[in-house]
There are 2 protein chains.
Amino acid sequence: MSTFRRRVIPDATIARLPIYQRCLMELEEDGRKKASSEQLAELAGVNGAKVRKDLSYFGTYGTRGVGYDVPHLLHEIRRELGMTHDWPCVIIGAGNLGSALAKFGGFVDRGFSVVAIMDVDQSKVGHQVGSLTVRHEDELPEVVKEFDISIGIITTTAAAAQDVADQLVEAGVRSILNFAPATLDVPYGVLVRDVDVAIELQILAFHEERRALSEAEIV
Amino acid sequence: MSTFRRRVIPDATIARLPIYQRCLMELEEDGRKKASSEQLAELAGVNGAKVRKDLSYFGTYGTRGVGYDVPHLLHEIRRELGMTHDWPCVIIGAGNLGSALAKFGGFVDRGFSVVAIMDVDQSKVGHQVGSLTVRHEDELPEVVKEFDISIGIITTTAAAAQDVADQLVEAGVRSILNFAPATLDVPYGVLVRDVDVAIELQILAFHEERRALSEAEIV
DNA sequence: GCAACTTTGTGAACAAGTGAACAAGCTCGG
DNA sequence: CCGAGCTTGTTCACTTGTTCACAAAGTTGC
C-alpha cells in the first residue's frame, strides 16, 4: 500500500472544474493560447482568487506574470475530471425526459455516451429512441457488464426511482444521476446527484415571492 | 416604509424547503398527521438538527414532545415558497429538451405551468408541442405581458443563451432557469439558476476517476 | 399533580468556503 | 543584468453552513 496521500479537493472546487473546462474550451476555440485567472474568472462568473485557489489544488499550472497556458490547463483539468476516456451511461426510464436525454448529443462531445435506454414498461420495449432500442429493465445486469457502465441515469417516476437505484447498485453501478423527485437511499460508497427541475423552479419562486412581499411592504 | 425587517433565510435552507415540502406531501398522502424532525430528516436525507433549525427560521411551527403538524407545516412551507398561487413560465428553445419539459406535466401539480414555448427557428414556429403551439421568439415581450410571466426557462444552445437572457430581462423577467451550458451575464436583481446535466455527469466522473486511481494505488 | 419521557428551538463549537491582500516569481525592455 | 510591471500561489480574516448538546416545553401514566 502506498503511503502517498492524495490531496483532498473541496466539493465546491470540484463543482467548478467543469465550468472552467467549458470556459477553456471556448478560449481554445477562439485560438487563445494564454489566459489569466481574472479572464477565466470573468468567463466563469466567479472571482480571480477563487480560480487561482481552485487550480492550485491540482498543482502549479500557471506562470507568474503570464497566466495559464490554455491547452495545457485544459488538458490537466480534463485529466482530473477523467475526460481522457469515454464514460458509457445507461438511462432508465424511456419517458419524455429519458428519451430527450438519449437523443440529445450534447454530452457526447463532453465524454459521455448513452449506450442503452431501458424501461419496465413492456409497451415501450423495442421502440427506437434515436439510434437506440429500448430494452427491458430486467436486462440491466447484462447491459452494465456488456458496456462496462459506471454511470446510471434515472428518469423514471418518483415511485419507481428507489427500486431502480437498488437495481443499479446491485449491478455494480456506483454513480447515479437522479432526475426523479425522490430522495434515494444508497449504500456508502455510491454517489447520487439529484437534478430536480421543480426544486429549481421553487427556489426561483421563493425569491420572486419575497420580492413581491417586500415591494408591497414599502408601498 | 415599514421598520419591520424580515429575517434573512440562508440559501442552503431555501434550497432544502422544496425537499421538505415533497416529504410532507408524501406524509400527508399516507395520512400521517404528525411528524418529528427526525422522521422528516430521514425522508429528506438530512439530519434532525438541520430540519429543526431550517424550520425555525420561519417561526415555531412544532410542538415540543410531539413534533410537527403535517398539514399545518406543509401549508406554511407552501406559503413561504409562494406555492399558494400558480407560476406561469415560458420556455425558449423548442428543441428536444424544451419540448420534453413543455410536455412533462410534473411541474403543474407543484404550482408551475408552461404557458408558452418559443423559438427563433421559423421552421419550428407553428408546430404543436403538447397542448402548446410554438411561437416566434420575437413575440416574447407580448407573451410575458399577456400571461404575466415571471419565470423564463432557457433551453436553447449555449451560443444563443445570452441573447435570450437579455431578451427575457428586457421583457421584465427576473427569474431565469438556464439549461444551456453557458454562464449568463444578467443585471443585479435578476436571479439565474443553472441546470447543467453535463456538469453533474462530470462531477460523477471525477469521483469515479479518483476511485479508480486509489484502487490502482492500493494494488 | 407530579415524575418520567419525548421532542422542539437555539446557543455555541466546529467545519467549509470565500475573498482581500501580498510576497514570490516570471517576463520584458533597455 | 537590472528594474518595472504582471500575475500566480498562498495566507489570513471573515462569512456561511453544519452539528452537538441541552434547556424549555410539551405529553402521558399513575
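The basis for the numbers below is simple: all heavy atoms, side chains too, and nothing from hydrogens, waters or symmetry mates.
- Among residue pairs with one or both ends in residues 90-103 of chain B, none qualify as side chain to side chain donor-acceptor pair (under 3.5 Å); sequence neighbours excluded.
- Among residues two or more places apart in sequence or in another chain, the side-chain contact (heavy atoms from CB on, under 4.5 Å) test is passed with B/Glu170 by none.
- Here the range on DNA chain D touched by chain B, meaning any atom under 4.0 Å from one of its heavy atoms, is D/dG17 to D/dT27.
- A/His85 and B/Glu209 share a side-chain donor-acceptor pair at under 3.5 Å.
- For B/Glu38, the side-chain contact (heavy atoms from CB on, under 4.5 Å) partners two or more places apart in sequence, or in a different chain, are B/Ser36, B/Arg52.
- In plain terms, the two heavy atoms of B/Ala102 and B/Ile91 that are nearest each other are N-CD1, 3.7 Å.
- Counting 5' to 3', DNA chain C first comes under 4.0 angstrom of a heavy atom of chain A and last does so at the ends given by C/dG17 to C/dT27.
- For the contact set between residues 55-66 of chain A and DNA chain C, defined by any heavy atom under 4.0 Å, the members are A/Thr63, A/Arg64, A/Gly65, A/Val66.
- When each of A/Lys53 and A/Tyr68 is assigned the nucleotide of DNA chain D with its nearest heavy atom, A/Tyr68 is the one assigned upstream, toward the 5' end.
- B/Arg110 has a carboxylate O that lies under 4.0 Å from a charged side-chain N of A/Asp196, or vice versa, which qualifies the two as a salt bridge.
- With sequence neighbours excluded, the residues that form a side-chain contact (heavy atoms from CB on, under 4.5 Å) with A/Met83 are A/Gln21, A/Arg78, A/Leu81, A/Trp87, A/Phe112, B/Gln202, B/Ala205.
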For residues 60-69 of chain B, run the donor-acceptor check on the side chains, cut-off 3.5 Å, and write out each pair with its distance to 0.1 Å, sequence neighbours left out.
| unit_1 | atom_1 | unit_2 | atom_2 | d |
| --- | --- | --- | --- | --- |
| B/Tyr61 | OH | B/Phe58 | O | 3.0 |
| B/Tyr61 | OH | B/Glu76 | OE1 | 3.0 |
| B/Asp69 | OD2 | B/His72 | N | 3.0 |

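- In this structure the side chain of A/Pro10 reaches within 4.5 angstrom of the side chain of A/Tyr57, judged on heavy atoms.
- Residue pairs meeting the side chain to side chain donor-acceptor pair (under 3.5 Å) criterion with at least one member in residues 147-164 of chain A, sequence neighbours excluded, are A/Gln162-A/Asp166.
- The side-chain heavy atoms of B/Val192 and B/Ile154, taken from C-beta on, include no pair separated by under 4.5 Å.
- Contacts between residues 201-209 of chain B and DNA chain C, defined by a heavy-atom separation under 4.0 Å, are absent.
- More than 12 non-hydrogen atoms from other residues, nucleotides or ligands lie less than 6.0 angstrom from NE2 of B/His207.
- Side-chain contact between B/Glu80 and A/Arg210 is present, with at least one heavy-atom pair separated by less than 4.5 Å.
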Donor-acceptor pairs under 3.5 Å, side chain of residues 179-187 of chain B to any protein atom, not counting sequence neighbours: which ones?
| unit_1 | atom_1 | unit_2 | atom_2 | d |
| --- | --- | --- | --- | --- |
| B/Thr183 | OG1 | A/Arg22 | NH2 | 3.0 |
| B/Thr183 | OG1 | A/Leu43 | O | 3.4 |

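- Taking a 4.0 Å limit (strictly below) on heavy-atom distances, residues 27-51 of chain B reaches DNA chain C at B/Ser36, B/Ser37.
- Contact of the A/Val90 side chain with the A/Ile153 side chain is not registered, since no non-hydrogen atoms from C-beta on lie closer than 4.5 Å.
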